[in-house]
Amino acid sequence: MTQAILSRLYDQIDQTTDRTTHFVSTNNQLEAMVTKAHVQLNQCIKDHGNGKPVLHEGGIYHGTWLESTGTINAEILSRFLPDIAQHTFEQFATHQSADGLIPYKVTPDGPNYRQIQLVSPLARSVWSHYQLNGRDTAFLKKMYDAMAQYDTWLTTYRNTRQTGCVEAFSTFDTGHDRSPRFWHAPDVPHTGNATQCHPDSPHLPFLAPDLTANVYCQRLYLAKIAAELEDKTHDWLTLADQSLHSLMEHCYHKDDHFFYDLDRNHQHVKVQSDVLLRVLACEVGDDAFFKQALSRYLLNTKKFFSAYPFTSIALDDPRFDPTSTAYNSWSGTSNFLSLIRAPHAFEAHGHYVELSWVLQPILTAFAHMDRFPQTLHPWTGEAGFTDIYSPSILCLLDYIERLSGILPRPDGELWITGLTPYPFHQEHEQHTVAYSRHHNDHEYTLTHINETCTLYKDREELATFPAGIRFILNNADQSISIVGMSVRTIKGTLTYQQTDYPFQIKGNEIQTLQAGAWVTTQSPGIVSPTYE
């Protein structure tokens, strides 16, 4: 079986040389969807006439949106099509207005500045791309200058209440279309001007936790970029601390352990939405804080941990609408933008096992789809609104790589993960998979067969290890580590470069090989799902 699946994979590699990654599986439906993902991803790439093609959001969205396409989507794309990703980032700096406002979208008709529409922090995505793809300092400087000016714009125009929080003037400022969070608020800022709030609104402007967390995280990464560029103009870490203080003082509800908008009347807008996940993905909170959020909300089947997580509104909220899959809605459905943002939250605190409980049902849903939608029905996994949507295309490619593939990290690590998509519904066969990625001028290949994983480098065997762990190669210091990826304690042997290294590892535990022995460097434990 090993030779058969390797032969299929190598045939695919030899026949499709324009791709850096390849995937084959005995799950024919899933393999077909991965193949379709690569094809339709190319359909989302458009040239606006300047010879620098960029990623489009796809579906009904003919352009590049800052909240998604220009940040988290392009960050993932950096691992697959780095040149396109860099063009996608750069257009936002190129089209920055004279007063510092970055357009919320760029379409073939040009840039648009009507709202801000911030979710994922641009600086983190830019920093990740820079580290992963050759450290282009000219690119980094261009983006840094633009982001620094934009920080000033936000401080000037979106802090009218002088709280240090970033204010939402409209629904579209956060991309939360049709969410009960913004009932009775206009979709766009007053008169279509991003500096203006509706003067007769009974509750705007909101002190918005996700916008404030975005700027907090943005400033953390602007500090990293400034250090890289030896720029000492701004004290970004102090500014980040100020944002975090404002967020916790005004938007955090201690009893609920949740983040809410604070309206102009100093009332919390008590709609529990994916704002929590957005804030956590912006690296807010320590490990204990994140564990509590997991237990009370993200892994709670009464809140956001639906059969196909994560819902955009808490399941127990009477405003939750599971029927909203036929249109663009954040009033109940599971949205692929939430899904591609989620790994940042989980991995920042070392909760890899719990993240796999999200990856698995979503990959199950993909294996039963025939298109790439914007949303999923949270109970059935049925595809929702639109198709050829780049966030769901990239979600599939990202989740396959995180669960069963070979994932390069900005810090120089290479994650090789020994899990397989599990057949949760109407199937009994445990499928085999094989994955390949070109990285640093080498071809790495991974097979999962009969609970054994084998890693090849340039088609020569490099390592074998039992399923249920992640094997990490650190190209920077030539070290190796393993991560427990199951609730089970995994006991076995890693064979690396013809030397055996027996181990025993718990879920989420990280062990690093030091002087021939495994040393635990992290062990946060596992947070179990909850039900009330």
Taking atom types as modelled and ignoring hydrogens, do the side chains of E57 and T69 form a donor-acceptor contact shorter than 3.5 angstrom? yes
Name all residues meeting the side-chain contact (heavy atoms from CB on, under 4.5 Å) criterion together with T420; count only those two or more places apart in sequence or in a different chain, and write none if there are none. Q430, V433, H448
Which atom of I388 lies closest to which atom of I393, heavy atoms considered: C-CD1, 4.2 Å
Would you please name every residue forming a salt bridge (charged side-chain N to carboxylate O under 4.0 Å, His left out) with E31, sequence neighbours left out? R8
Examine distances only and state if a side-chain atom of S356 and a backbone atom of V353 form a donor-acceptor pair shorter than 3.5 Å. yes
Summary of salt bridge (Lys or Arg N to Asp or Glu O under 4.0 Å) pairs that have at least one residue in residues 116-133, sequence neighbours excluded: R124-E283
Passing candidate, ring-ring contact (aromatic ring centres under 6.0 Å, His included) with F336, options F366, F385, F372, Y399: F366
Do the charged groups of R219 and D151 touch, with an N to O distance under 4.0 Å? yes
Under 3.5 Å side-chain donor-acceptor pair for D136 and Q86: yes
Closer than 3.5 angstrom, by distance alone: can the side chain of S329 be matched with the main-chain N or O of T325 as a donor-acceptor pair? no
Check this for me: does any side-chain nitrogen of one of R371 and D387 sit under 4.0 Å from a carboxylate oxygen of the other? no
Compute the ring centroids of H344 and H349, then answer whether they are less than 6.0 Å apart. no
For the side chain of S179 and the backbone of H176, is there at least one donor-acceptor N/O pair under 3.5 Å apart? no
Whether the S338 and D274 side chains hold a donor-acceptor pair (N or O, under 3.5 Å, no angle test) is what I'd like checked. yes
From CD (E413) to CG (N474), nearest 0.5 Å: 5.0 Å
Passes ring-ring contact (aromatic ring centres under 6.0 Å, His included), H198 versus F169? Steps please. CA-CA 7 Å; H198 181 29; F169 291 176; over 10 Å; no
Can you list every pair that meets ring-ring contact (aromatic ring centres under 6.0 Å, His included) and has a residue in residues 403-422, with sequence neighbours left out? Y352-W415, Y422-F424
Taking all non-hydrogen atoms of both residues into account, name the closest pair between S128 and P410 and its distance. OG-CG, 3.3 Å
Side chain N335, main chain T375, donor-acceptor under 3.5 Å: no
Assess whether atom NZ of K36 is packed by more than 12 heavy atoms of other residues, nucleotides or ligands within 6.0 Å. yes
Please check: side-chain N/O of E67 versus main-chain N/O of L118, any donor-acceptor pairing under 3.5 Å? no
Examine the side chains of T417 and R470 and answer whether a donor and an acceptor come within less than 3.5 Å of each other. yes
Listed by chain and number, what are the ring-ring contact (aromatic ring centres under 6.0 Å, His included) partners of Y130, not counting sequence neighbours? W127
Just to verify, what does F304 make a ring-ring contact (aromatic ring centres under 6.0 Å, His included) with, not counting sequence neighbours? none
What are the two closest non-hydrogen atoms of P186 and L204, and how far apart are they? CD-CD1, 3.6 Å
If the condition is side-chain contact (heavy atoms from CB on, under 4.5 Å), which residues does S120 pass it with, not counting sequence neighbours? T71, I72, R341
Side chain to side chain contact (heavy atoms under 4.5 Å, CB included) partner of D145, the single match among K142, M143, M147, K141: K141
Excluding sequence neighbours, so at least two apart, what forms ring-ring contact (aromatic ring centres under 6.0 Å, His included) with H439? none
Between I45 and N42, does the side-chain contact (heavy atoms from CB on, under 4.5 Å) criterion hold? Intermediate values first, please. CA-CA 5 Å; I45 295 168; N42 286 323; 3.9 Å; yes
Determine the interplanar angle of the W236 and H234 rings, folded into 0 to 90°, and report it as parallel if under 30°, tilted if 30 to 60°, perpendicular if over 60°. parallel
Hydrogens and angles aside, do T16 and H22 bring a side-chain donor and acceptor to less than 3.5 Å of each other? yes
Are L220 and L237 packed together at the side-chain level, in the sense that at least one heavy-atom pair is separated by less than 4.5 angstrom? yes
So H62 and K46, side-chain contact (heavy atoms from CB on, under 4.5 Å) or not? Walk me through it. CA-CA 9 Å; H62 304 300; K46 308 293 182 182; over 6 Å; no
Run the salt bridge (charged side-chain N to carboxylate O under 4.0 Å, His left out) test against D398 and tell me which residues pass, sequence neighbours left out. R79, R402
Can you classify the ring geometry of F305 versus W357 as parallel (below 30°), tilted (30 to 60°) or perpendicular (above 60°)? tilted
Under the salt bridge (charged side-chain N to carboxylate O under 4.0 Å, His left out) test, residues paired with R437 that sit two or more places apart: E401
Which atom pair, heavy atoms only, marks the closest approach of V188 to R114? CG1-NE, 3.4 Å
Can you tell me how far the CG atom of L298 sits from the CG atom of L280, to the nearest 0.5 Å? 6.0 Å
Is it the case that the side chains of D458 and Y444 hold a donor-acceptor pair, with the cut-off being a distance below 3.5 Å and no angle test? no
Got more than 12 heavy atoms from elsewhere within 6.0 Å of CD, E382? no
Thinking salt bridges, do E443 and R459 make one under a 4.0 Å N-O criterion? yes
First locate atom OG1 of T26, then atom CD1 of I5, and finally report the distance between them rounded to the nearest 0.5 Å. 6.0 Å
Regarding T191 and N193, do their side chains bring together a donor and an acceptor under 3.5 Å, going by distance alone? no
Between T88 (side chain) and V54 (backbone), is there a donor-acceptor pair under 3.5 Å? no
Shortest non-hydrogen contact from P343 to I340? CD-O, 3.5 Å
Of W153, Y113, Y150, which is the lone residue that meets side chain to side chain contact (heavy atoms under 4.5 Å, CB included) with I102? Y150
Could you check whether any side-chain N or O of S97 sits under 3.5 Å from a backbone N or O of L101, counting only pairs where one atom can act as donor and the other as acceptor? yes
Those residues that, when tested against T386, pass side-chain contact (heavy atoms from CB on, under 4.5 Å) (two or more places apart): I60, Q374, Y389
Cationic N near anionic O, under 4.0 Å, E347 to R409: yes
With sequence neighbours left out, which residue pairs that include part of residues 73-95 fulfil the ring-ring contact (aromatic ring centres under 6.0 Å, His included) condition? F89-H129
Below 4.5 Å, heavy atoms only, C-beta onward: do L396 and V34 meet side chain to side chain? yes
Is there a donor-acceptor pair under 3.5 Å between the side chain of T311 and the backbone N or O of T333? no
